[in-house]
Amino acid sequence: MTAPSRPSALRWGILATGGIAAAFAADLRTAGLDLVAVGSRSQESADAFAARYGIARAHGSYEALAADPEVDIVYVATPHPMHHADARLALEHGKHVLVEKAFTLNRSEAQDLADLGREKGLLVMEAMWTRYLPHMVRLREIIAAGVLGEIRAVSADHTQSLPTDPAHRLNALELGGGALLDLGIYPISFVYDVLGAPLTVQATGRLAETGADAEVATIMTHTGGAVSTTLSSSRAAGPNTAVVLGTRARIEIDRVWYSPTTFRVVATDGTVQEEFDGRTTADGRGGGRGMQYQALAAERYVADGTLDSDLLPVAESVAIMGLLDNIRAQIGVRYPGEAA
Ligand SMILES: NC(=O)C1=CN([C@@H]2O[C@H](COP(=O)(O)OP(=O)(O)OC[C@H]3O[C@@H](n4cnc5c(N)ncnc54)[C@H](OP(=O)(O)O)[C@@H]3O)[C@@H](O)[C@H]2O)C=CC1
Ligand SMILES: O=C1CO[C@H](CO)[C@@H](O)[C@@H]1O
C-alpha cells in the first residue's frame with residue numbers, strides 16, 4: 001500500500017500553536033510537505049513553535065500570517081468559535097484554507113465560508129482527517145463494489161475521558177465546548193459518508209455544569225430505511241470502534257476507528273473475507289498521526305483546479321453543521337451570541 005502522491009507543492013502556514021497545531025506540524029514534516037510559516041497571538045509562542053518544527057517564518061499575529069506572501073494555504077487550528085473569523089481572514093488575503101473540525105460553530109458560519117471560497121476561487125476544506133485515511137479509502141471501495149450487499153445500519157462511538165475543568169476547551173461554551181462538536185462530529189460525519197443525509201434525527205444528551213454537552217447519543221434514519229446510531233462522550237472512554245452492517249457482510253473497524261487502524265470484512269456466516277491494515281504506508285508518507293493525508297488531498301484539489309474535496313465537499317461540511325445545529329437544538333446547547 002502507498003500513500004497518495006503529491007502533485008504540486010503548496011507552502012503551508014499554521015494558524016495557532018496549540019495541541020493539534022503541533023500534531024499537524026509533525027505530520028507535515030514526516031510527510032515532507034512545505035511548512036513555511038506559523039502564526040500565533042503571541043510572538044513568543046510563534047517563535048517557540050517555529051524553533052520546534054524548523055519553520056522559517058514566525059508571526060506574532062494571525063493577520064501577519066494571513067498576509068504573508070510566502071504562504072499559499074493556511075491550516076486553521078484555533079477553537080471552534082474562532083474558525084469562521086480566522087478562515088475568513090486567510091481567505092480575504094487570498095489563501096486557501098484547511099479548517100479544523102468542527103468546521104465552524106454552526107451552519108450559517110459554514111455557509112459563509114463556502115460562499116467566500118467560491119467567490120474568491122479558493123479551496124475551503126474541513127480538516128475531517130479521518131475521511132482521507134487509507135482504511136477509509138479502502139472501505140469506500142468495498143462498499144461501492146457491493147460486497148456488503150444492502151447497507152442496513154452504521155454504528156460508531158467517539159468517547160474519551162477528558163478534563164472536567166470548566167475552563168477547558170471541551171467544557172467552556174465560549175470556546176465552543178461540547179462532546180458533539182468535538183467528538184460526536186466524527187461518527188456523525190462517518191454516518192454521513194456511508195449513508196448520506198439522514199431523513200430523521202433523534203438526539204438525547206446530558207449537559208455538564210457549564211451547559212456544554214458531556215454525552216450525546218443519536219439515532220437517525222436514512223434512505224431505504226437504513227438506520228444509524230452514534231455516541232459521543234467527553235467523560236468516559238468507550239470502545240471507539242465502528243461497524244457498517246450489510247445484508248451480505250459487515251465491516252468491523254477496530255479501535256481507534258477514526259485514526260489509522262485495521263478492519264475486517266466479515267460475511268454473515270462469519271467468514272473473514274478481507275483484513276485491511278491502514279496503519280503504515282510503503283513510501284514514508286504514512287506513519288505519524290495520519291493528518292498528512294488530508295494535506296496531500298488539499299494539494300491535489302488545488303493542483304487539479306477542482307478547489308473542492310471529492311471526499312468531503314464543502315457543501316457536505318455545511319450540511320453536517322446544519323445537522324449538528326439540529327442535534328444541539330434537541331439537547332439544549334446554544335453558544336454565546338447564537339439566536340434563540
Ligand atoms: N483533528 C484532530 O485530531 C484534532 C482536532 N482538534 C481541533 O483543533 C482545534 C483546536 O484544538 P486544540 O489544538 O486541542 O486546542 P488548544 O487549546 O490546544 O489550542 C488552541 C490554540 O488556538 C489559539 N487560540 C486562539 N484563540 C484562543 C482562545 N480564545 N483560547 C484558547 N486558544 C486560542 C491558541 O494559539 P495561539 O496562542 O498560538 O494563538 C491555542 O494554542 C479545535 O477545532 C479542535 O476540535 C483538536 C484535537 C485533535
Ligand atoms: O480526534 C480527536 C482526539 O481528541 C480530541 C479531544 O481531546 C479531539 O478534539 C480530536 O478531534
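Predicted model only: the values in this text are computed from it and were never measured. When a ligand or atom number is given, it counts from 1 through the structure's own listing order.
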Only counting residues at least two apart or in another chain, list the ones meeting side chain to side chain contact (heavy atoms under 4.5 Å, CB included) with Val201. Pro198, Met220, Leu323, Asn326, Ile327, Gln330
Under a strict 4.0 Å criterion on non-hydrogen atoms, which protein residues are in contact with ligand 2? Lys101, His158, Gln160, Leu162, Arg169, Asp182, Tyr186, Tyr258, Arg289
Ser40 neighbourhood, listing ligand 1 atoms whose heavy-atom distance to it stays under 4.0 Å: 36 (P), 37 (O), 38 (O), 39 (O)
Would you please determine whether Tyr186 falls within less than 4.0 Å of ligand 1 on a heavy-atom basis? yes
Would you please determine whether Pro79 falls within less than 4.0 Å of ligand 1 on a heavy-atom basis? yes
Out of curiosity, is Ser42 lining ligand 1, as in a heavy atom under 4.0 Å away? no
Should we count CZ of Arg52 as having more than 12 external heavy atoms under 6.0 Å? no
Report the hydrophobic cluster partners of Leu183, with the cluster defined as I, L, V, M, F, W, Y residues connected by side-chain heavy atoms closer than 4.5 angstrom, directly or transitively. Leu162, Leu170
Report yes if Ile20 has an N/O atom closer than 3.5 Å to an N/O atom of ligand 1; otherwise report no. yes
Find all atoms of ligand 1 within a distance of less than 4.0 Å from any non-hydrogen atom belonging to His83, and give their numbers and elements. 43 (O)
Mind checking what makes side chain to side chain donor-acceptor pair (under 3.5 Å) contact with Ser233, not counting sequence neighbours? Glu215
Nearest option to atom 45 (O) of ligand 1, as decided by whichever heavy atom of Glu174, Glu100, Met291, His80 sits closest: His80
Work out whether the distance between some heavy atom of Tyr62 and some atom of ligand 1 is less than 4.0 Å. yes
If you compare Val38, Thr78, Leu65 by their heavy atoms, the one closest to atom 42 (C) of ligand 1 turns out to be Thr78
